[in-house]
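Just so it is clear, the structure is predicted and the values come from calculations on it, not from any experiment.
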Amino acid sequence: MAGDSFAVRLIRWQRQHGRHDLPWQGADAYRVWLSEVMLQQTQVTTVVPYFLRFIERFPDVVALAAATEDEVLALWSGLGYYSRGRNLHRAAQKVVSQFGGVFPEHFEQLQELPGIGRSTAAAICALAFHQRRAILDGNVKRVLARHGGVAGWPGDGRVEAELWKLAEARLPASDVAIYTQALMDMGATLCRRSKPRCQECPVHTDCAAYQADRVAEFPAARPKKVVPERQAVFLLAMHGNDILLEKRPPSGIWGGLWSLPQFDTAEEARAYCTRTGIETNECRELPGFVHTFSHFKLSIHPLLVSSQRIPTQAAEAGTVWLEVSDALQAAISTPVRQLLLTLNAGRATGI
DNA sequence: AATCCGGGGGA
DNA sequence: TCCCCAGGATT
């Protein structure tokens with residue numbers, strides 16, 4: 001037992017203690033791909049309901065390819081990193097147009113699909129096609145950095161290259177799918193970032209970090225960076241139960257999503273109202289809040305305007321008036337959802 | 001408040 | 001080949 005290889009011990013642990021009830025386990029390439037893209041920046045418990053909704057609405061890659069981007073982003077709403085959703089849609093269309101709706105099995109071909117890089121391609125190859133390919137996601141980086149005692153921040157190119165080498169070297173000759181699942185499950189349940197359960201780990205006897213009693217030091221943390229804070233005014237233009245939404249540019253923050261008209265200052269928001277014929281007689285500021293991104297904070301100042309009439313002047317391109325309840329079903333970001341929900345709650349309590 | 005995260009795309 | 005970008009959940 002103790003003399004067994006790293007992979008053999010992980011596989012045995014997975015059979016006994018790993019997760020076996022995830023809805024994409026043992027599934028076809030479409031489901032494995034969908035789950036892997038969703039899991040790229042997001043934890044399992046968050047992903048599961050989104051995954052189930054996607055599969056219900058788009059049971060196969062042909063159905064996904066036939067949808068509009070707006071539909072896909074509406075189902076993606078709240079998951080974040082919306083380029084994943086846009087790439088997912090484009091990749092589905094490519095699978096249909098170039099591969100007749102059948103997922104390619106070649107590692108290189110998979111990486112030519114938008115949103116699929118080295119690790120995601122390897123995950124599809126290993127989990128769906130039982131090929132001998134190494135993945136390296138965040139969980140695996142942590143497991144390998146601790147077990148191998150790999151110093152340095154994994155975001156560093158040289159450190160990452162070392163981890164890829166280790167990932168390849170640890171691969172078993174067979175049972176790669178269950179081994180791959182073992183690595184991910186171990187990272188999520190035992191070899192966690194905080195409070196790791198090393199006593200239960202099947203490879204703690206030769207884990208470099210554990211043997212040196214330095215588990216908390218691996219992997220090294222990302223170098224600190226100060227995040228700047230920006231200000232923005234979000235215009236909530238109401239007409240009865242309708243609210244004005246504006247489609248964001250196809251790339252950048254919340255790319256392709258429906259958002260509230262956004263301005264640097266309240267003066268610019270008022271000027272916009274005047275220009276487009278939105279009355280500003282009833283106009284007040286709602287409580288502000290901060291939304292945090294990876295590289296900056298956005299301090300949001302909501303401005304509520306109730307217009308008696310819907311503007312008849314030429315509407316701005318890419319805008320739409322929607323009932324608030326319909327807007328909540330659209331492709332919107334989390335801060336916009338929060339504001340719309342606040343609006344509903346306020347209406348219910350007469351505020 | 002701090003931390004985590006695969007891939008795209010431009011420098 | 002770097003380096004920057006990107007959203008939300010968890011701790």
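- Each side chain to side chain donor-acceptor pair (under 3.5 Å) pair with one or both residues in residues 102-116 of chain A, not counting sequence neighbours, appears once here: His106(A)-Gln109(A).
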Contact state string [nucleotides 1-11 of chain B, B base, S sugar-phosphate only, - no protein heavy atom under 4.0 Å]: --SSBBSS---
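- One finds a salt bridge joining Asp185(A) and Arg19(A) here, because a Lys/Arg side-chain nitrogen approaches an Asp/Glu carboxylate oxygen to under 4.0 Å.
- Nucleotides dT10(C) and dG7(B) are separated by 23 Å at their C1' atoms, to the nearest Å.
- Remark: Lys247(A) engages Asp70(A) in a salt bridge (Lys or Arg N to Asp or Glu O under 4.0 Å) (not counting sequence neighbours).
- Looking at Asp206(A) and Arg9(A), a side-chain N of the basic residue comes within less than 4.0 Å of a carboxylate O on the acidic one, giving a salt bridge.
- Comparing the P positions of dA6(C) and dA11(B) gives an interatomic distance of 15 Å, to the nearest angstrom.
- In summary, Arg133(A) and Glu168(A) do not engage in a salt bridge, as defined by a charged side-chain N under 4.0 Å from a carboxylate O.
- Across every non-hydrogen atom of Ala121(A) and Ile116(A), the tightest pair is N-CG2, 3.5 Å.
- Protein chain A contacts DNA chain C over a range whose 5' and 3' limits, counting nucleotides with an atom under 4.0 angstrom from a non-hydrogen atom, are dC5(C) to dT11(C).
- Donor-acceptor pairing under 3.5 Å is lacking for the side chains of Arg230(A) and Ser299(A).
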Bracket string, DNA chain B, 5' to 3' - pairs by Watson-Crick or G-U geometry under 3.5 Å, | interstrand: |||||.|||||
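- The side-chain heavy atoms of His89(A) and Thr68(A), taken from C-beta on, include no pair separated by under 4.5 Å.
- Counted by atom type alone, Asn139(A) and Arg142(A) present one or more donor-acceptor pairs between their side chains at under 3.5 Å.
- When heavy atoms are screened at a 4.0 angstrom cut-off, Gly255(A) is found touching no nucleic acid atom at all.
- Not counting sequence neighbours, the partners of Phe293(A) by the ring pair (Phe, Tyr, Trp, His ring centres under 6.0 Å) test are Trp254(A), His291(A), Phe296(A).
- Place Gly157(A) and Ser194(A) on DNA chain C by their nearest nucleotides, and Gly157(A) ends up nearer the 5' end.
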